[in-house]
Amino acid sequence: MTTRRHSPELPPELLLQSSHLIAAMHRPSRTSVHSRLTRLTRVLPVFVWGRSYSFSDNFVNDLLAGLTVSTLVIPQGMAYAVTTSLPPVYGLYTSIFPPLVFFFFARSPYQNIGPTAVVSVMVSQVCTSAMTWLKEQNLLSLQASGTEALAQTVLKTEYAEVVMLVTFLVGIVQFTVCSLGLGARLVTLIPDSLVSGFMASSGICVLVIQLKAIFGIAVQQFDGSFSLILTLFDIIKKLPTTNLCSFGLAVLAYIFMLAIQRLERYLSVHIPRWISNTRSVSSYVSLDSESIIPKKPPAPVTDVILTVLLVAFITIFFDLPNTFGVETIGPIPSGFPTPTLPWAMLTRLPLKTVAKLILKILPDCISLALICFVTTFSISKTFESTTHTPDHASANDHSQDLVAVSFATIGSSFLSAYIPCGSISRGALLATQTNVTSPVGSLVSVFCVSIILLFLGSWFQNVPLSSLGTIVVVALFGVLAKIQTGFALIHEAREQRKIVWEEIVAVKHDMLRRSACTNGETRWLLDAEVEDQRTVQIDQADLWLLRRKFVGLHREVVVWWVTFLTVIFVDAGSGILVGMVVSCLFILIAQ
C-alpha cells in the first residue's frame with residue numbers, strides 16, 4: 001500500500017505572486033503589441049497618415065482634386081485600353097481597382113496609378129507576340145468557333161487572358177524585388193538618360209499605333225524586329241483607304257481641344273485680375289486654410305471631357321457609324337467584372353508549352369516591372385521635392401510606393417485590369433494644379449470612374465476611336481518633346497568634351513614636366529620629397545576624375561541613343577535591357 005505524498009502548502013503571498021506571474025505570461029506585452037502595430041503600419045501606411053487626417057481641413061481639397069483628375073482619367077483610360085488592343089472597358093477597370101488597392105499601401109498624395117500610354121504599347125507588343133507564338137503552335141481555340149464573328153470573340157477572350165497572365169507575372173516580379181529590398185536601389189541604378197530615351201521612343205510607338213485609329217484604316221499586325229517600321233509603311237500604303245469621316249472627327253477634336261485650352265488660359269489670367277479689382281489683393285491672397293476656394297488655379301483638363309462629349313453628340317445626331325462606317329467604342333458593360341484566375345489559360349495548355357510561354361514573356365515582364373518602378377519612383381521623388389507635401393501624407397519613404405504598385409498589379413490581374421503604372425500627366429496635374437493633401441484625392445477619382453461604369457457607361461459608347469486617338473496624341477506632346485533631349489545631349493557632350501580634354505592634357509603636361517624636373521635634380525631634403533609625392537598623388541587623382549567625367553559624358557549620349565534606337569527597331573523590352581547593359585559597361589570602364 002502506497003501512501004500519497006502531500007506537497008507542502010505555499011504561503012498566500014507566494015500564491016498571489018505566482019498567479020500574477022502566470023497572468024502576465026499569458027497577457028500580451030505592450031512591447032509586442034507596439035511591434036505588431038509598427039509592422040502593420042509599415043505594410044499599411046493608411047493607418048499612419050489616416051490618424052492625423054483632418055476631415056474638415058483636407059477633405060474639400062482632396063474632393064476637388066479627385067473630381068479634377070477624374071475628368072482626365074476617364075477618357076484616357078478608354079483610349080489607352082484601345083492602345084493595348086483591349087476593349088475600352090478594361091481601361092475603366094484599370095482606373096478603379098489598382099488605385100483602390102494602392103490607396104491602402106501608398107503614402108504619396110501625387111500618385112494616381114492606372115493605365116498609361118507607354119505601358120499600354122508595351123503590353124500590346126508583348127501579348128501580340130505571345131498570341132502569334134500560340135497561333136503558330138496551334139494552341140488557340142479558333143478551331144472550335146464556327147463563324148468569323150465567334151472566332152473574333154474567342155480570339156479577344158484569349159488575348160485578354162494573356163494580358164492578365166502578363167499582369168500577374170509583372171506583379172510577382174515587382175513583389176520579389178521589393179521583398180529582397182532591391183526596389184529603390186534598382187531604380188537608382190537606372191540612369192536618367194535611359195528613362196528619357198525610352199520615353200521618347202515609346203512616345204513614337206504610341207503615335208504610330210494611334211495613326212491607324214485616327215485615319216480609320218485596318219493595318220496588318222506585325223511582330224518581331226522592325227515591326228514598328230513595317231506598321232508605319234503599311235499605314236502609308238493604306239492612306240488612300242482613309243475613312244474621311246473618322247479623320248474629320250479627329251481633326252475636329254484637336255481643334256476643339258486647342259480652342260478650349262486657349263480659352264482656359266485666357267480665363268485663368270483675366271479672372272484673377274477681375275477678382276483683384278473687386279476686392280483688395282491682400283484679402284484674396286490671405287485666404288484661410290478652411291476656405292473651399294483652392295489656392296491654385298483650376299486645372300485645365302475640361303478640354304478632354306468636353307471634347308469627348310462633343311464628338312459623341314455629333315456621332316449620335318448624324319448616325320455616323322451606320323452612315324459613314326465610323327468605328328466607335330461600342331457597348332460598355334455595366335457593373336464590375338467577375339474575379340478570375342490570371343493563369344486560367346495555362347490550365348488548358350500542356351506543361352512543356354506552359355514553361356516555354358512563361359520563358360518567352362518573362363524578359364518583357366521584367367522590363368515592364370522596371371518601367372513601372374522607374375516611373376512611379378520618379379513621380380514620388382520629383383513632386384514631393386518640388387512641392388510642399390503635408391506631414392500626414394508622406395514620410396519620404398518612396399520605396400513604399402513601389403511596394404504598393406506590386407500589390408496593386410497582382411490584385412489587378414484577378415479583376416480584369418491590366419498593368420497599372422504611375423502617370424506623369426496625372427501626377428503633375430495633382431501636384432501643380434490642385435491642393436491635394438493625401439491619397440484620398442485618388443480615392444475620389446475611383447468613385448467617379450465607378451459611377452461612370454455602373455450608371456453612365458452608355459454615354460461614352462458612341463465616342464469615335466479616332467477622337468480617342470487624338471486625345472492620346474495630345475497627351476503625348478510632352479513625351480515627344482523628349483526627343484530634343486537626345487540632340488541636346490550630343491551638343492552638350494561636344495562642348496564639354498573639349499573642355500575636359502584640355503584639362504586632361506594640362507594635367508598630363510604638368511605631371512611630365514614635374515617628373516622631368518625630379519629626374520634631373522638631386523633632392524637632399526626629405527620634406528621636399530614628401531611634398532613631391534603628395535603633388536603626384538593629387539595629379540593622379542585629378543586625372544582619374546577627369547577621365548571618369550570624360551567617360552560619363554559619352555555614357556549619357558550612348559545610353560540615350562542605344563535605348564531609343566533599340567526600342568524603335570526591335571521592341572521596348574529589349575531597349576530597356578540593352579540600355580542597362582550599356583550603362584553598366586560604361587560604369588566598369590570608368591572604374
Side-chain angles (χ1 to χ4, degrees), residues 44-46 62 65-66 68-70 72-81 83-84 90-123 163 166-168 170-171 173-175 177-178 183-184 187 199 368-384 393-394 397-431 434 436 438-450 475:
L44 296 173
V46 65
D62 292 337
T68 300
V69 76
S70 63
L72 183 63
V73 70
I74 293 171
Q76 276 192 355
M78 294 186 293
Y80 293 152
T83 304
T84 318
Y90 283 82
L92 299 180
Y93 296 155
T94 312
S95 303
I96 294 175
F97 301 114
L100 184 61
V101 177
F102 191 83
F103 169 79
F104 294 98
F105 296 95
R107 297 177 182 269
S108 176
Y110 307 119
Q111 290 284 0
N112 185 266
I113 68 169
T116 58
V118 175
V119 173
S120 297
V121 70
M122 288 187 65
V123 172
V163 173
V166 171
T167 302
F168 179 75
V170 170
V173 172
Q174 293 173 341
F175 180 75
V177 172
C178 292
V187 168
M199 296 294 287
L368 280 165
L370 288 176
I371 284 301
C372 294
F373 271 177
V374 170
T375 306
T376 306
F377 186 86
S378 301
I379 292 172
S380 299
K381 189 175 181 179
T382 301
F383 292 132
E384 290 184 10
S394 177
D397 186 10
H398 306 301
S399 60
Q400 180 61 35
D401 290 339
L402 303 183
V403 177
V405 169
S406 64
F407 284 123
T409 305
I410 295 175
S412 301
S413 62
F414 292 88
L415 297 169
S416 300
Y418 65 94
I419 303 171
C421 181
S423 173
I424 297 177
S425 59
R426 297 192 292 272
L429 176 66
L430 288 171
T434 67
V436 64
S438 70
V440 175
S442 295
L443 186 64
V444 172
S445 69
V446 168
F447 284 112
C448 293
V449 180
S450 300

*If a pair satisfies side-chain hydrogen bond (donor to acceptor under 3.5 Å, both in side chains) and one of its residues is in residues 440-450, list it, with sequence neighbours excluded.*
N112-S442, N112-S445

*Could you tell me whether Y90 and Y418 have their ring centroids closer than 6.0 angstrom?*
no

*Test side chain to side chain contact (heavy atoms under 4.5 Å, CB included) applied to F97 and V101, step by step*: CA-CA 6 Å; F97 301 114; V101 177; 5.6 Å; no

*Which heavy atom in C178 sits nearest to a heavy atom in F373, and how many Å separate them?*
SG-CZ, 3.6 Å

*Mind checking the OG1-CE spacing from T83 to M122? Nearest 0.5 Å is all I need.*
14.5 Å

_Let me confirm one number: the OG-CZ distance from S70 to F447, rounded to the nearest 0.5 Å._
12.5 Å

_So does T376 get a backbone contact from the side chain of Q111, meaning a donor-acceptor N/O pair under 3.5 Å?_
yes

*Should we say atom CZ of F175 is surrounded by more than 12 heavy atoms from elsewhere, each under 6.0 Å from it?*
no

*Can you check side chain to side chain contact (heavy atoms under 4.5 Å, CB included) on L430 and R426, steps first, answer last?*
CA-CA 6 Å; L430 288 171; R426 297 192 292 272; 5.6 Å; no

*To the nearest 0.5 Å, tell me how far I419 CD1 sits from I371 CD1.*
11.5 Å

*Please examine the side chains of F414 and F168, heavy atoms only from C-beta on, and report whether any two atoms are closer than 4.5 Å.*
yes

*Could you tell me whether the side chain of T409 reaches within less than 4.5 Å of the side chain of C372, counting heavy atoms only?*
no

*Where do V405 and F105 land on the side chain to side chain contact (heavy atoms under 4.5 Å, CB included) test, with the steps shown first?*
CA-CA 8 Å; V405 169; F105 296 95; over 6 Å; no

*Report yes if the side chains of T94 and Y80 come closer than 4.5 Å at any heavy-atom pair, otherwise no.*
no

*Taking the side chain from S413 and the backbone from I410, do they hold a donor-acceptor pair closer than 3.5 Å?*
yes

*Between atom CD1 of I113 and atom OG of S108, what is the distance when rounded to the nearest 0.5 Å?*
11.5 Å

_CG on L100 to OG on S412, rounded to 0.5 Å_ = 10.0 Å

_T375 vs T116, side chain to side chain contact (heavy atoms under 4.5 Å, CB included): CA-CA, chis, key distance, verdict_ = CA-CA 10 Å; T375 306; T116 58; over 6 Å; no

*Please round to the nearest 0.5 Å and tell me the distance separating atom OG of S95 and atom CD of Q76.*
9.0 Å

